[in-house]
Amino acid sequence: MSASRASRALANANAYAYARSTCPRCAFLRPIRASNTLRATGSKGSQQRRLNLTSAATLAGPRPVTPHKEREGGLRAHHGPRATITHDISELSTQLEGEKVVVGGWLFSQRRASESLHFFTLRSSSSSVQLVSRLKSNSEELMKYPLESVVLVEGIVRTRKQKAKSGSSAVDEIELEVENVTLLNPADTVLPFYPNRPEVANEDLRAQHRYLDLRRQDLAENLKLRSKVAQIIRCYLHDQGFTEVETPILLNSSPEGAREFLVPTRSPNALGQPTFYALPQSPQQPKQLLISSGAIPKYFQLARCFRDEDGRKDRQPEFTQVDLEMAFVEGSAPTAQGGGGDEGGMRSTWGIGGRQIREVIEGMVKKIWKEVKGEELEGWFRVMPYDVAMDVYGSDKPDTRFEMYTLPIGYYPSLSDNDLDKILLDQSPYTVEFMITPAAQAKGLDIASFAGNNSFIDYVRINESNTHSWQNDSVLTKPMGLEMDTSMPGGVKPGDVVWLSRRKKIAEGGWTHLGRLRVQIMESQVAKGLMTLPVQPHFLWITQFPLFTLADEDKSFLAHGRYSSTHHPFTAPMWEDLKDLKEGKVQGVRGQHYDLVLDGQEVGGGSVRIHDVELQEWVMKEVLQLDRGEMARFDHLLKALRCGAPPHGGIALGFDRLVAILAGAKSIRDVIAFPKTGSGIDPVFRSPSVSSDEVLKEYALTSLKQTENLTVKKDEGEAV
Ligand code: ASP
């Protein structure tokens, strides 16, 4: 609206006033007769608010537009007609010898060989081509353009005289003789850094200018790989009869396990208290409701999930899961009811329900490996119950690519029968676990520094004289009074190192001390070239986790000393343990919970769910001891179970991690377009940011910080 129109509007009592449209969230202004506004709106306060918008400033309209000044130096972005691109740079090859082509890309390098010969490199996200310019006018132009400018080049494809290096691509066999150039968009003369150069800029700078860093070919390739894997997954699951369904991002808070992100709304409740959405930590409840509805017997989604887990190594507050759920999955081991066949010995090892989930996931993973890596993964993936994994590898995500086992001392091979009895009859809830690093590997390790970092770990170096008495050299084993049977071959040889640590007999949580040490030793040995890991992926299912735990630090903020679910509250117990559970013998009850592990990293997890509302309600009330407020957060789920929900189960795979592994990337940040830092900060968009008190008020929120100490730079949203 022009200023003159605005003043006319002010002057005229019957004029249209500009107010917000009737939708309070809609930013569009639309004309409404002032008198109508008075009649149509509710309370006096809200009328006042609406009419306040028709202030003189609003009606004065925008300030006059300053004419645009061209940038200095004569380099301008091109607008209007231009030659049509005929090929992507990656499509150029000797097959096009002599043909005229038009390509677009970023100017990567400039080199003057002589007055009449200049060389340039033009890059796209996947390729680069050498430009040869013999025409003075073109050369002068191209030499003027700042590096990283966007250029359109018309030229003739010529086979290069110099042979390309082996392993290079078809485009390296040719060069483009420049006929004409168009500067589509000049870059600044100095950029924060120059991608695709051997000297890599520091990480912070790259993170802040991610759009520039993404110009690096390997990052671009990672994003393309990510898209390819997503496509394979979608096609595979569609072929298996799954339906992709999007579930809400603005959800409600529920005490499921992880810390949530809250989103304040501008709709306070009747008491004026602020109200919030919570972003989903996973679409767990929506997917169970979908299955309960009967409409979608096989659901999947590439789901965005949000967890407020700050400061975790290689985790992101927002991430993507391949999330799926199926109706009618089995609720017991395939052997129990004869279902499921026994291909590859599946029956003998799986041990719980959810066979259909295992089949779908193994099929999907095999397809991904075949299409991305060209590798056939043979047979069923290995399966290991949780307690075996903890006993033998000291981890619930064991890296099975290398040997070196963490075992309770009772497994030491040359214990005498007497010792064994002593250990078996010992009533203490604790035991000592041991792990042996063989002499050949121990030689290259700084043993003392490994132990020095961890006060829970002791070690004994084995020499000629203590192969059968080393147990007396450790403060952890000496008090046990063990005597080895010298007639038995010793478990150790001179030069070996025996590591020792105390732990609970029934292992808890995700790691034992030696389990962590085992991985640290492996990483150090690999770094020093003392150990080579097999290239073949080692997939492994861990099953039969304890259903409840007191030992999950991540959940203690919710549990407050109560039991928490190892997976989540909807996980079904193994039916063999149901009786114990109902009798309240919670410790030792195993869940129908399965995690998929790849080379020591958890890549997914899921479970068979509780479909029986009575059991679900009882678990929540009596075992997890949720209070009324917490129970109310699950009302809809309990109601859905009451309406006739089929038995069901599902899983979620960490999509970012899976792609990172496939890409050989060190961090999941390398496969996410705009990742956050370890502390959850987005360096490009600079979130999270502070909101002004004025904005907070709209959400019925006030800042605990004194307003006078906190000013918000309006344009940056930063607290200063
Ligand atoms: N929602 C679970 C998770 O995010 C996966 C599942 O149980 O399906 O770990």
Visitor: Would you say Trp575 and Gln592 are linked by a side-chain donor-acceptor pair, where the criterion is simply a distance under 3.5 Å?
Guide: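 No pair is found: no donor N or O on one side chain lies under 3.5 Å from an acceptor on the other.
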Visitor: When you measure from the side chain of His538 to the backbone N and O of Gln536, does any donor-acceptor pair fall under 3.5 Å?
Guide: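 Yes; judged by distance alone, with no hydrogens or angles, the pair exists.
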Visitor: For Glu602 and Lys397, indicate whether the former's side chain and the latter's backbone hold a donor-acceptor pair under 3.5 Å.
Guide: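 Checking the backbone N and O of Lys397 against the side chain of Glu602, no donor-acceptor pair under 3.5 Å is found.
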Visitor: May I ask you to decide if Gly481's main-chain N or O and Lys422's side chain share a donor-acceptor pair within less than 3.5 Å?
Guide: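 A pair under 3.5 Å: yes.
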Visitor: Just so I know, are the side chains of Phe261 and Leu279 near enough to count as touching, which here means a heavy-atom distance under 4.5 Å?
Guide: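 The answer is yes; the side chains approach within 4.5 Å.
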Visitor: Should we say atom CD of Glu403 is surrounded by more than 12 heavy atoms from elsewhere, each under 6.0 Å from it?
Guide: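 Open.
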Visitor: Quick one: which residue pairs count as a side chain to side chain donor-acceptor pair (under 3.5 Å) with a foot in residues 477-496, not counting sequence neighbours?
Guide: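 Non-adjacent pairs meeting side chain to side chain donor-acceptor pair (under 3.5 Å): Asp485-Ser487.
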Visitor: With the side chain counted from C-beta on, respond yes when Trp541 and Ile352 share a heavy-atom pair under 4.5 Å apart, and no when they do not.
Guide: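 No - every pair of side-chain heavy atoms lies 4.5 Å or more apart.
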Visitor: Given side chains that start at C-beta, do those of Phe545 and Pro385 come closer than 4.5 Å, heavy atoms only?
Guide: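 Side chain of Phe545 against side chain of Pro385, heavy atoms only: no contact under 4.5 Å found.
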Visitor: Between Glu630 (side chain) and Asp627 (backbone), is there a donor-acceptor pair under 3.5 Å?
Guide: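 The answer is yes, because a donor-acceptor pair under 3.5 Å joins these two groups.
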Visitor: Does the pair Arg657/Asp314 count as a salt bridge with the N-to-O cut at 4.0 Å?
Guide: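 A salt bridge is present here (some side-chain N lies under 4.0 Å from a carboxylate O).
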Visitor: Heavy atoms only: give me the nearest Ser501-Leu514 pair and the separation to one decimal.
Guide: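 Heavy atoms only, the tightest pair is CB-CG, 3.8 Å.
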Visitor: Taking everything shown except Lys579 itself, do over 12 heavy atoms lie less than 6.0 Å from its NZ?
Guide: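 No, not enclosed.
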Visitor: Given ring-ring contact (aromatic ring centres under 6.0 Å, His included), test Phe319 with Phe306 step by step and report yes or no.
Guide: CA-CA 7 Å; Phe319 56 96; Phe306 307 85; 7.9 Å; no
Visitor: Would the distance check show the side chain of Ser282 and the main-chain N or O of Gln284 forming a donor-acceptor pair, the cut-off being under 3.5 Å?
Guide: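 Such a contact is found between Ser282 side chain and Gln284 backbone.
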Visitor: Is the number of heavy atoms from other residues, nucleotides or ligands under 6.0 Å of Phe402 CZ greater than 12?
Guide: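 Yes, the 6.0 Å shell around CZ holds more than 12 heavy atoms from other groups.
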Visitor: For Leu581 versus Val619, what's the shortest heavy-atom pair and its separation?
Guide: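 Heavy atoms of Leu581 and Val619 come nearest at CD2-CG2, 4.4 Å.
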Visitor: Are a donor atom and an acceptor atom from the side chains of Thr437 and Trp499 found within less than 3.5 Å of each other?
Guide: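 Yes, because at least one side-chain N or O of Thr437 sits under 3.5 Å from a partner of the opposite role on Trp499.
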Visitor: Distance-only, no hydrogens or angles: does the Arg382 side chain make a donor-acceptor pair with backbone N or O of Ile542 under 3.5 Å?
Guide: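 Flag not set: sc Arg382 to bb Ile542 has no pair under 3.5 Å.
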Visitor: Between Phe434 and Tyr411, is the gap from one ring center to the other below 6.0 Å?
Guide: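 Centroid distance Phe434-Tyr411: not below 6.0 Å, so no.
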Visitor: Classify the ring geometry between Phe456 and His513 as parallel (under 30°), tilted (30 to 60°) or perpendicular (over 60°).
Guide: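 Ring orientation of Phe456 relative to His513: parallel.
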Visitor: Where do Pro283 and Ala303 come nearest, in terms of heavy atoms and distance?
Guide: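 Where Pro283 meets Ala303 most closely, the heavy atoms are CG-CB, 3.5 Å.
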Visitor: Is there a side-chain contact (heavy atoms from CB on, under 4.5 Å) between Asp599 and Phe539? Walk through the geometry before answering.
Guide: CA-CA 7 Å; Asp599 297 344; Phe539 281 100; over 6 Å; no
Visitor: What closest approach, in Å, do Gly509 and Met390 show between heavy atoms, and which atom pair accounts for it?
Guide: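 Closest pair (atom of Gly509, atom of Met390, distance): O-CE, 3.5 Å.
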Visitor: Which heavy-atom pair separates Trp380 from Lys366 by the least distance, and what is that distance?
Guide: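 Heavy atoms only, the tightest pair is N-NZ, 4.4 Å.
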Visitor: Given side chains that start at C-beta, do those of Lys505 and Tyr430 come closer than 4.5 Å, heavy atoms only?
Guide: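 No; the side chains remain at least 4.5 Å from each other.
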Visitor: Got a sec, which residues hit side-chain hydrogen bond (donor to acceptor under 3.5 Å, both in side chains) with Arg518, two or more places apart in sequence or on another chain?
Guide: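 In terms of side-chain hydrogen bond (donor to acceptor under 3.5 Å, both in side chains), with neighbours along the sequence ignored, Arg518 is linked to no residue.
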Visitor: Would you compute the distance between atom CD1 of Ile409 and atom CG of Leu420 and round it to the nearest 0.5 angstrom?
Guide: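 These two atoms lie 10.5 Å from each other.
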Visitor: Identify which one of Arg502, Lys504, Arg503 satisfies the salt bridge (Lys or Arg N to Asp or Glu O under 4.0 Å) criterion when paired with Glu433.
Guide: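 Only one option passes, and that is Arg503.
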Visitor: Is there a donor-acceptor pair closer than 3.5 Å between any side-chain N or O of Tyr563 and the backbone N or O of Leu550?
Guide: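 No, the answer is negative, given that no donor and acceptor are paired below the 3.5 Å cut-off.
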Visitor: Can you tell me if CG on Asp446 sees more than 12 non-hydrogen neighbours from other groups inside 6.0 Å?
Guide: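 It does: Asp446 CG has more than 12 such atoms within range.
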Visitor: For Leu637 and Gln285, which heavy atoms make the closest approach, and how far apart are they?
Guide: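 Minimum heavy-atom contact is CB-OE1, 4.2 Å.
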Visitor: Checking Asn472 against Ser469: is there a side-chain donor and acceptor pair closer than 3.5 Å?
Guide: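 Short answer, no.
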Visitor: Roughly how far apart are Asp670 CG and Asn222 CG, rounded to 0.5 Å?
Guide: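 If we round to the nearest 0.5 Å, Asp670:CG and Asn222:CG are 6.0 Å apart.
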Visitor: Strictly distance-based, threshold 3.5 Å: is any side-chain N or O of Asp656 a donor or acceptor partner for the main-chain N or O of Thr320?
Guide: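 Flag set: sc Asp656 to bb Thr320 pair under 3.5 Å.
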Visitor: Does Trp470 have its ring centroid less than 6.0 Å away from the ring centroid of Tyr412?
Guide: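 Yes, close enough.
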Visitor: As an exercise, state the distance from CG of Asp399 to CE of Met404, rounded to the nearest 0.5 Å.
Guide: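 Separation between the atoms: 10.0 Å.
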Visitor: Quick check on Lys528: does its NZ atom have over 12 non-hydrogen neighbours (other residues, nucleotides or ligands) under 6.0 Å away?
Guide: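 It does: Lys528 NZ has more than 12 such atoms within range.
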Visitor: Do the side chains of Trp369 and Pro537 get nearer than 4.5 Å, heavy atoms only?
Guide: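 When only atoms from C-beta onward are counted, Trp369 and Pro537 do touch, with a gap below 4.5 Å.
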Visitor: Has Ser474 got a side-chain atom pairing as donor or acceptor with Gln471's backbone, closer than 3.5 angstrom?
Guide: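 It does not hold such a pair.
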Visitor: Under a 3.5 Å threshold, yes or no: a donor from one side chain and an acceptor from the other, between Asp595 and His593?
Guide: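 Note: Asp595 and His593 side chains meet the donor-acceptor criterion.
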Visitor: Kindly indicate, with the supporting measurements, whether the criterion salt bridge (charged side-chain N to carboxylate O under 4.0 Å, His left out) is fulfilled by Asp577 and Lys585.
Guide: CA-CA 9 Å; Asp577 296 352; Lys585 297 177 199 150; over 6 Å; no
Visitor: Is the shortest side-chain heavy-atom distance between Lys373 and Leu662 below 4.5 Å?
Guide: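 Heavy-atom side-chain distance check passes, below 4.5 Å.
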Visitor: Carefully, step by step, assess Phe276 and Asn252 under the rule side-chain contact (heavy atoms from CB on, under 4.5 Å).
Guide: CA-CA 8 Å; Phe276 300 86; Asn252 204 355; over 6 Å; no
Visitor: As a quick check of understanding, evaluate salt bridge (charged side-chain N to carboxylate O under 4.0 Å, His left out) for Arg307 and Glu260, giving each step before the final call.
Guide: CA-CA 5 Å; Arg307 292 183 195 170; Glu260 298 163 329; over 6 Å; no
Visitor: Taking it one step at a time, do Glu309 and Arg259 satisfy salt bridge (charged side-chain N to carboxylate O under 4.0 Å, His left out)?
Guide: CA-CA 7 Å; Glu309 297 168 327; Arg259 258 183 221 278; over 6 Å; no
Visitor: Can you list the steps and then say if Val498 with Tyr459 is a side-chain contact (heavy atoms from CB on, under 4.5 Å)?
Guide: CA-CA 5 Å; Val498 184; Tyr459 69 95; over 6 Å; no
Visitor: Within the 3.5 Å criterion, strictly below it, is a donor on Arg562 or Ser564 matched to an acceptor on the partner's side chain?
Guide: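 Side chains of Arg562 and Ser564: no pair found under 3.5 Å.
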Visitor: Given 3.5 Å as the limit, does a donor-acceptor pair link the side chain of Arg226 with the main chain of Val659, or not?
Guide: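 No: the side chain of Arg226 does not pair with the backbone of Val659.
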Visitor: What I'd like to find out is whether the side chain of Ile521 reaches to under 4.5 Å of the side chain of Met531, using heavy atoms alone.
Guide: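 No, their side chains stay 4.5 Å or more apart.
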Visitor: When you look at Met484 and Ser416, which way does the side-chain contact (heavy atoms from CB on, under 4.5 Å) test go after all the steps?
Guide: CA-CA 5 Å; Met484 306 274 177; Ser416 64; over 6 Å; no
Visitor: If you draw a 6.0 Å radius around CD in Glu203, do more than 12 non-hydrogen atoms from other residues or ligands fall strictly inside?
Guide: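 Counting neighbours around CD of Glu203, 12 or fewer heavy atoms of other residues, nucleotides or ligands fall under 6.0 Å, so no.
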Visitor: State, yes or no, whether a side-chain contact exists between Met326 and Val360 at a heavy-atom distance under 4.5 Å.
Guide: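 Met326 vs Val360: side chains touch.
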Visitor: Should we say atom CD1 of Ile506 is surrounded by more than 12 heavy atoms from elsewhere, each under 6.0 Å from it?
Guide: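 Incorrect, the count does not exceed 12.
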